[in-house]
Structure formats: C-alpha cells, structure tokens
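In what follows, residues are counted from 1 in the order of the sequence shown. All heavy atoms count here, side chains included; hydrogens, waters and symmetry mates do not.
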Amino acid sequence: MRKVTNSLEVKKLNRNRVFRYVNSQSETSMPDISAALDVSGPTVLTIVKELKQDGIVEEVGELQSTGGRKAKAISAVKDARYAIGMDITANHVSLVYTNLERKVLDHKRIRKRFSCTDAYFQETAEILEQFIDENGIPREKIEGVGISLPGIVDRRENVITRSHILNIENVSRDRWTNYIPYSCELLNDANAAAITEDECCKRPESNMVYLSLSNSVGGAVVFADEMKSNDGIRNDFDGIAMYMGNNWRSGEFGHLVLHPEGKTCYCGKKGCLDAYCSALVLADLEDGNLKAFFEEMESGNEKYRKIWEEYLDNLAIAVDNLRMCFDCEVVLGGYVGNYMEPYIGRLRAKAAAKDIFGGSGEYVRACWCRDEASAYGAALYQIEKYISRI
C-alpha cells in the first residue's frame with residue numbers, strides 16, 4: 001500500500017511540476033519540459049495529454065526546427081482561471097484581478113469607509129460584481145476572492161480575531177460569503193503584500209522580512225522556497241513558506257519597543273515602533289495626505305526634513321533589530337515604503353552604523369510593487385491555491 005501511495009504522490013508531484021514549468025514559459029515543447037525537469041519523455045507525454053484534457057494546457061503551433069522534426073509548441077491556457085483580490089482598509093476598497101499568468105490585469109480603488117454592518121458587506125459584494133462586469137471576467141472561471149485587511153487573521157478558522165484599524169474583533173469570513181458567491185479567503189494585509197513582493201522579486205533561495213509601514217505597522221517573515229512546513233510553528237501559505245506563529249500573530253513588528261517610556265501606542269504600551277513609524281506620523285501633518293508631506297518636504301520645508309530625519313533614525317533602529325533577529329533581507333512596504341526609494345541610501349547608512357557585523361546596509365530595500373500590493377497578493381494567493389491542486 002505504501003508503495004502505491006508513493007507512486008501516486010510522485011505522479012501528482014510531476015504533474016504539478018510540469019504545469020508550473022509550462023505556465024512559466026510563453027511556449028515550450030515536450031522535449032524541453034523533459035530536459036528541464038529531468039522527467040522521462042513518456043511521462044511528460046502522458047501528463048501533457050491529461051492537462052490538455054483538463055483545458056489548462058493547449059497546443060499553439062510548432063516551434064522552429066533545430067534540424068529535425070518540428071516540435072509542437074505547448075502553452076498554458078492563461079485564462080482558464082481567474083482570481084480577484086480585494087483589500088479592505090478603513091476608508092477604501094481596492095480590487096485587483098489576475099489569471100494563471102499571475103500578472104495584474106486591472107486594478108481599481110474606491111473610497112468607502114468601513115463599517116461592520118450587513119449593509120457594508122452587501123455593498124462591497126456589489127462593488128466586486130461591478131468590477132467583474134467592467135472587466136468581462138467569466139464568473140464560471142473565477143477561482144475565488146482573496147480578502148486582505150489590517151488585522152490578525154486566524155487562517156484555520158478564517159476569522160479576523162482583532163483589527164485595531166477597523167475596530168473589530170472575531171469577525172468571520174461568513175460576513176462576506178453571505179453576499180459573495182465565490183470561494184473567499186481572509187488574509188492579513190501585510191502577509192498579502194509579502195506574497196506580492198515574493199512574486200515580484202522571484203527570490204527562490206533567500207529569506208525575507210517584509211515591514212509594512214502603513215497607517216499601522218505590521219509585517220511578515222517569508223522563508224526560502226526550500227524550507228519545509230512544520231504545522232503549529234510555521235505554516236505553508238499555499239506555495240509560500242511564511243512564518244505565522246503559534247497564534248497567527250507573527251509579524252506584529254509595530255509593537256516592538258523602540259523607546260521604553262516613549263510615546264504611547266494605540267495598544268497601550270509605550271515606545272512602540274507603530275507610534276514612531278506608522279504612515280500617520282507623516283501624513284497627519286498634511287491632513288492624512290502622505291504624498292503632500294513628501295512634496296512639501298522636497299520643496300524645502302525644514303521642519304518636515306527634521307521630522308523625516310527623525311523618522312529614518314527610528315526606522316533604522318527597527319531595521320537593525322529585524323536584521324539581528326532574522327539575518328536576511330528587509331523589505332520596506334506599505335504606504336511609506338512606496339515613497340522610500342529616493343531615501344534608501346540614507347536609511348542604509350543609518351542602519352549600517354548600527355550593524356555590529358559591518359556592511360553597508362544593502363540588505364534593506366524599498367518594495368518593488370507599489371500599486372495595490374495587498375489586493376494583488378490576495379489574488380495571487382487564490383491562484384496559487386488553484387495551481388497547487390493541479
């Protein structure tokens with residue numbers, strides 16, 4: 001029995017590897033698949049035949065001859081499945097959709113204040129359906145909707161256990177699925193953004209800490225692909241090895257204490273990173289407009305320059321602490337991360353001055369995805385969930 005089980009597992013693994021390889025290429029051939037994956041030609045032939053019957057792989061002509069018979073060109077059917085990501089904030093709903101190609105096909109942001117009421121959940125479902133209609137997404141091909149939001153999400157139960165930003169506790173996924181007729185998954189917004197960053201930078205052998213600097217400070221820890229899952233300590237995020245903690249509270253970097261007896265954080269503690277490095281520290285100087293803060297600073301406002309310098313000083317402490325804990329790349333995302341690129345050299349210098357192991361602080365960088373990263377990651381999560389079952 002064990003031998004049969006192993007044989008089935010190997011077959012499923014090879015099937016998934018073949019599809020992933022085909023999906024990663026614009027077009028390929030069976031000999032190329034066999035060589036790239038070190039899988040026998042007859043096995044590849046059988047798997048490709050099955051994938052064609054499932055409607056997720058197709059022949060798209062012939063490749064150029066290399067001297068012999070022309071090989072048939074094979075490609076993934078990118079529009080076989082779609083997924084939608086929806087990012088919920090205190091004041092907005094953002095939407096992104098993608099297909100098996102995993103690229104953003106369209107995105108949209110709508111101003112809508114969050115309210116934990118049936119009317120709100122029904123209205124967000126209507127916004128979703130309107131987005132589907134606007135983009136002509138075939139509903140029968142929608143794999144699911146990923147819903148990201150700022151808060152602690154129990155992934156096993158699909159429950160938001162707490163969100164300070166949204167002022168809610170113990171809110172179930174059912175509040176959305178009562179109105180949304182597609183498979184839904186709840187994700188923490190920083191975790192979702194980390195999925196996007198993982199997708200954008202294609203880092204197969206590098207660990208990463210993602211520090212989200214939005215209206216609250218959060219983050220995620222993503223391990224290199226070769227790391228294996230260990231349930232209860234680490235949780236495999238459907239294709240992405242992400243550390244979730246024993247109680248789904250990992251990455252709460254906003255509550256690292258920078259300055260004992262310092263500013264009071266919303267959590268009640270004093271000196272938390274969130275009190276010094278949330279986007280609101282800067283945006284509130286311009287009535288919540290973060291872009292206006294940077295524009296005013298660049299126009300020569302010395303007061304803002306001093307505030308920004310102090311912000312970088314505090315951020316450098318946090319970055320150094322994360323580096324000491326995890327010894328890996330630190331990526332700055334969220335609202336402030338989107339503006340960080342021009343100032344990354346200054347931050348690196350401040351971080352390097354604290355690094356007991358030396359170096360230039362090159363381990364810290366600004367995020368690469370700066371448009372609706374959380375919504376995009378939520379959509380990618382659903383696509384990856386589908387691909388992992390192939």
Side-chain angles (χ1 to χ4, degrees), residues 23-26 55-56 58 75-114 120-150 173 176-177 179-202 210 212 214 238-240 290-291 333-335 337-339 367-387:
N23 196 43
S24 69
Q25 309 293 312
S26 57
I56 54 177
E58 62 183 349
S75 178
V77 181
K78 304 295 187 181
D79 62 357
R81 301 300 285 174
Y82 293 90
I84 301 165
M86 186 161 59
D87 183 43
I88 304 294
T89 73
N91 297 303
H92 297 90
V93 174
S94 298
L95 300 112
V96 165
Y97 89 103
T98 187
N99 59 11
L100 294 181
E101 194 170 12
R102 305 167 73 104
K103 294 180 180 178
V104 174
L105 299 176
D106 192 23
H107 63 86
K108 182 178 184 179
R109 171 171 278 215
I110 297 171
R111 186 164 185 83
K112 181 158 191 62
R113 188 160 186 81
F114 178 82
Y120 174 86
F121 294 113
Q122 183 174 0
E123 287 164 8
T124 54
E126 291 169 357
I127 290 171
L128 171 66
E129 294 293 347
Q130 183 180 4
F131 182 73
I132 292 170
D133 287 336
E134 289 171 352
N135 287 282
I137 307 170
R139 285 174 169 78
E140 69 277 8
K141 292 184 177 182
I142 295 176
E143 176 61 23
V145 179
I147 303 171
S148 73
L149 36 80
R173 168 182 59 180
W176 276 277
T177 56
Y179 302 100
I180 295 176
Y182 314 105
S183 171
C184 293
E185 297 284 347
L186 299 180
L187 297 87
N188 167 269
D189 58 350
N191 289 342
I195 292 173
T196 295
E197 195 65 24
D198 183 85
E199 175 75 12
C200 290
C201 61
K202 302 293 184 185
Y210 185 87
S212 178
S214 289
D238 280 281
I240 299 173
L290 185 63
K291 180 180 179 182
Y335 300 155
N338 293 342
Y339 290 93
C367 59
W368 286 342
C369 180
R370 295 165 194 174
D371 290 316
E372 308 301 353
S374 293
Y376 183 20
L380 287 172
Y381 173 82
Q382 290 286 38
I383 285 294
E384 177 57 36
K385 189 177 176 182
Y386 172 76
I387 292 176

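Under the side-chain hydrogen bond (donor to acceptor under 3.5 Å, both in side chains) criterion, Ser212 pairs with no residue, sequence neighbours left out.
To the nearest 0.5 Å, the span separating CG on Asn135 from OH on Tyr82 amounts to 9.5 Å. From Asp106, atom CG reaches atom CZ of Phe131 across 4.5 Å, with rounding to the nearest 0.5 Å. A distance of 11.5 Å separates CD1 of Ile387 from CZ of Arg81, quoted to the nearest 0.5 Å. Interatomic distance, CZ of Arg102 versus OH of Tyr376, reported as 8.0 Å (0.5 Å rounding). The OH atom of Tyr381 sits 12.5 Å away from atom CD1 of Ile147, with the distance rounded to the nearest 0.5 Å. In this structure, CD1 on Ile88 lies 8.5 Å from CZ on Phe121, to the nearest 0.5 angstrom.
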Quiz item: Going through the checks in order, is the side-chain contact (heavy atoms from CB on, under 4.5 Å) test met by Tyr120 and Val93?
Solution: CA-CA 11 Å; Tyr120 174 86; Val93 174; 3.7 Å; yes
Exercise. Under the side-chain contact (heavy atoms from CB on, under 4.5 Å) rule, what do Leu105 and Lys78 come out as? Steps first, then yes or no, please.
Key: CA-CA 12 Å; Leu105 299 176; Lys78 304 295 187 181; over 6 Å; no
Practice problem: May I have the step-by-step check of side-chain contact (heavy atoms from CB on, under 4.5 Å) for Ile132 and Tyr97, ending in yes or no? | Solution: CA-CA 9 Å; Ile132 292 170; Tyr97 89 103; over 6 Å; no
Practice problem: Test Tyr182 against Leu128 for side-chain contact (heavy atoms from CB on, under 4.5 Å), laying out the working first. | Solution: CA-CA 11 Å; Tyr182 314 105; Leu128 171 66; 4.3 Å; yes
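The main-chain N or O of Trp368 is found under 3.5 Å from a side-chain atom of Glu197 such that the two form a donor-acceptor pair. Here the side chain of Ser148 pairs no donor or acceptor atom with the backbone of Asn188 at under 3.5 angstrom. Looking at Ser183, its side chain never comes within 3.5 Å of a backbone N or O of Gly144 through a donor-acceptor pair. No donor-acceptor distance shorter than 3.5 angstrom exists from the side chain of Glu185 to the backbone of Gly146, with no hydrogens or angles considered.
With a 4.5 Å cut-off on side-chain heavy atoms, Cys367 and Asn338 count as touching. At a threshold of 4.5 Å between non-hydrogen side-chain atoms, the residues Gln130 and Asp133 do not count as touching. Ile180 places a side-chain heavy atom less than 4.5 Å from the side chain of Met86. You'll find the side chain of Glu384 stays beyond 4.5 Å of the side chain of Leu380, heavy atoms only. Here the side chains of Ile195 and Leu187 are in contact, with some heavy-atom distance below 4.5 Å.
The two residues Ala379 and Ala83 make their nearest non-hydrogen contact at O-CB, 3.4 Å. Between Val145 and Gln382, the shortest heavy-atom contact is O-NE2, 3.0 Å. Residues Ser214 and Tyr335 share a closest heavy-atom pair of OG-N, 3.1 Å. The minimum heavy-atom distance between Gly85 and Ala378, with the atom names listed, is CA-CB, 4.0 Å. Closest approach of Gly55 to Ala80, counting heavy atoms only: O-CB, 3.9 Å. In this structure, Tyr210 and Ala190 approach most closely via the heavy-atom pair CD2-O, 3.9 Å.
Dense packing is recorded around NZ of Lys141, with more than 12 heavy atoms of other residues, nucleotides or ligands lying under 6.0 Å away.
Every pair passing salt bridge (Lys or Arg N to Asp or Glu O under 4.0 Å) that includes a residue from residues 369-379 is listed here, sequence neighbours excluded: Arg109-Glu372, Glu341-Arg370.
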